[in-house]
Amino acid sequence: MSPDVVVIGGGIVGTSCAFFLSGAGLKVLLLERGALASGTSSACQNGVAHVDDGIGRLLTMASTRLWKTIAPQLPVDPELDGTGHLFLAITEQRMQELQRTARLLDDAGMPCDMLDAQEVREREPHVSPAVLGGLFFPEDGKLQPIQATFGFAKAAQVRGAELRTGTQATGIEVGPAGDVLAVRTGNERIPTGAVVDAAGVWSGSIARMVGLDVPLIPRKGHIVVTEQLPHMLDATLLEVTAFEPVSEDATGLVLGMCVAQTRSGNVLIGTSRQVVGFDCSVDGNVVRQMTERCLRFVPELRYVHAIRSYAGLRPQTPDYMPIIDAPEQVKGFFIAAGHGGEGITMAPITGKLISQMVTGQPTDLPLRDLALSRFTTVPQA
Amino acid sequence: MAEADKDLLICRCEEVTQGEIEAAIREGARSVNEVKRWTRAGMGLCQGKTCRRLVERIVAQETGQKPEEIQPSTHRPPTRPIELEVLATLGED
């Protein structure tokens, strides 16, 4: 029996789509050319984080709520902890910026608390005495992205989805009326009426199979992992968001402190962004600067050992927001791609929206700002 | 597999047993990296220095692949644990 829908991509976004689509009663086939969570979903940070404004705020607020209801249902524990995100200020200027942000977000109805130096250390005793204060987001959290991906995948299987790893989609057949007819994997032709492009940083190559151009570039991010430590950090500590670089050099390298302890006890240290193609090699210079940045905020980590570092590619669109769309050019082709550094956070709402689009239901959020056409349509004068 | 082998610790850092690794292979893991993502074997302090070869052998045995066909696991820097203070100043004059 041929599948109702073929999802291409076995990362956290693709498996979430498979989870929601199979939950809507569709017969789902998921194709992954490597192994589950073998790309960006196993080479990222672990934050479930808010975005300050616009469609990003709607997506992250809805998705964080979904995570809380889905996590306990998954057959593999995604280790979701609602421990919050804490933005720290080490300069007076930064402190004022955080206060401004707090007022704006408060007006917009996003829960956040401005903390003074003492309140920061009551909450996180290991933060440097040099920190002047912070802005705490209680709704944010963290999880284990690989286990979350496995959780979605296994739950989708239980709901009847078929997962084929080690299987690359090599072509998509579109009929004369412009509708999806089949997916090809080498010699095999799989008839289907719907395809979801959830191939993350490689989504562009899938979209090109149906003649669509997805403007998406890989942005490389480094992580350093420490040895396992007794519990010392509750919240995820950050100095800035990925949109406000602390420093930026000619190669487009942006750096900022982001520190989170996992349930296993390892501390993950980030964060960096660089546009250097599909190269995933670890750059010692970036690792050094990131680590130095982190020690400014959590000096006690000085004598802790790093055991591993890695880099992953974040699929970035020109406006940093994902493409969640059913472009009108190809009937039955759906895009769930370009989540940047927010794929972990936005996976549930993305899967849900895609499922609503494929089944023709009203969507939870307006899709206009997530459409592919926002990058191609010439704005009206 | 002999019943006694099931509880044999393969990855001592993360305390992963032979039974857990075999279960991951039954779930579909076909390489050392996949076993690592399912079980954490090789994710600990020694980063698989002790268990990597053992996991390769179990994957080969359970999947009927030849040991040389098993995809080697990814090695990531630093190759041995290094204090963050040292890492933060590496390469500086």
Side-chain angles (χ1 to χ4, degrees), chain A residues 10 32 34-38 41-43 75-76 144-147 149-150 153-154 157 163-166 222-229 259 262 264-267 269 280-285 287-296 298-311, chain B residues 11-16 20-21 23-52 55-56 59 62-65 69-93:
Chain A
E32 160 57 49
L36 290 176
S38 57
S41 299
S42 59
V76 178
Q144 214 281 22
I146 300 172
Q147 285 180 210
T149 306
F150 288 164
K154 281 193 93 166
Q157 266 177 321
L163 310 180
R164 274 195 229 168
T165 55
H222 281 77
I223 310 283
V224 174
V225 185
T226 74
E227 62 189 306
Q228 294 179 358
L229 305 168
V259 178
T262 68
S264 311
N266 306 89
V267 175
I269 297 170
C280 269
S281 59
V282 172
D283 181 337
N285 182 41
V287 165
R288 178 181 62 74
Q289 291 186 64
M290 256 170 35
T291 307
E292 189 270 324
R293 207 72 219 161
C294 147
L295 293 181
R296 269 191 224 187
V298 194
E300 279 178 48
L301 288 173
R302 228 169 18 234
Y303 304 117
V304 163
H305 289 91
I307 60 169
R308 187 179 180 82
S309 57
Y310 56 82
Chain B
C11 169
R12 285 188 283 178
C13 301
E14 293 286 341
E15 297 182 5
V16 183
E20 288 169 310
I21 291 170
I25 295 166
R26 282 197 298 278
E27 294 278 357
R30 285 290 173 276
S31 66
V32 183
N33 274 342
E34 285 175 76
V35 167
K36 181 173 71 187
R37 292 189 201 112
W38 278 107
T39 66
R40 297 187 65 87
M43 268 196 196
L45 189 65
C46 89
Q47 288 288 295
K49 281 184 197 64
T50 313
C51 67
R52 184 181 294 139
V55 175
E56 278 174 16
V59 172
E62 296 293 310
T63 62
Q65 302 174 79
E69 290 170 351
I70 303 293
Q71 210 185 2
S73 62
T74 327
H75 297 234
R76 303 284 195 192
T79 48
R80 66 187 197 82
I82 178 173
E83 284 180 0
L84 290 182
E85 185 175 46
V86 177
L87 196 60
T89 53
L90 272 187
E92 281 186 345
D93 295 325

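Values in this document were obtained by computation on a predicted structure and should not be read as measured data. Per chain, numbering begins at 1; letters A, B, ... match sequence-line order. For the numbers below, each heavy atom of this structure counts, side chains included, while hydrogens, waters and symmetry mates do not.
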| said: If you apply the rule side chain to side chain contact (heavy atoms under 4.5 Å, CB included), what do you find for A:I269 with B:L84, and how did you get there? | reply: CA-CA 10 Å; A:I269 297 170; B:L84 290 182; 3.7 Å; yes
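- Remark: B:M43 CE to A:N266 CG distance equals 8.5 Å, nearest 0.5 Å.
- Atom CG of B:L87 is separated from atom OG of A:S309 by 7.5 Å, given to the nearest 0.5 angstrom.
- Taken from CD in A:E292 to CG in B:L90, the straight-line distance is 12.5 Å, to the nearest 0.5 Å.
- For B:R30, no part lies under 4.5 angstrom from a heavy atom of chain A.
- Summarising the geometry, atom CD1 belonging to B:I82 is positioned 13.0 Å from atom CD1 belonging to A:I307; distances are rounded to the nearest 0.5 Å.
- There is no contact between A:V225 and chain B, counting heavy-atom distances below 4.5 Å.
- To the nearest 0.5 Å, the span separating CD on B:Q47 from CD on A:E227 amounts to 11.5 Å.
- Checked by atom type and distance alone, the side chain of B:R76 never pairs as donor or acceptor with a backbone atom of A:Y310 at under 3.5 Å.
- Between atom OG1 of residue A:T226 and atom CG of residue B:L45 there is a gap of 10.0 Å, rounded to the nearest 0.5 Å.
- The greatest number of non-hydrogen atom pairs below 4.5 Å with chain A, out of B:P81, B:G28, B:C13, is found for B:P81.
- Only the side chain of A:I146 comes within contact range of chain B, judged by heavy atoms closer than 4.5 Å.
- Ranked by non-hydrogen atom pairs under 4.5 Å with chain B, the options A:R308, A:Q228, A:K154 are led by A:R308.
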| Check against side chain to side chain contact (heavy atoms under 4.5 Å, CB included), B:E27 and A:V76 | CA-CA 12 Å; B:E27 294 278 357; A:V76 178; over 6 Å; no
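- Of the atoms belonging to A:Q144, it is side-chain heavy atoms, and not backbone ones, that fall under 4.5 Å from chain B.
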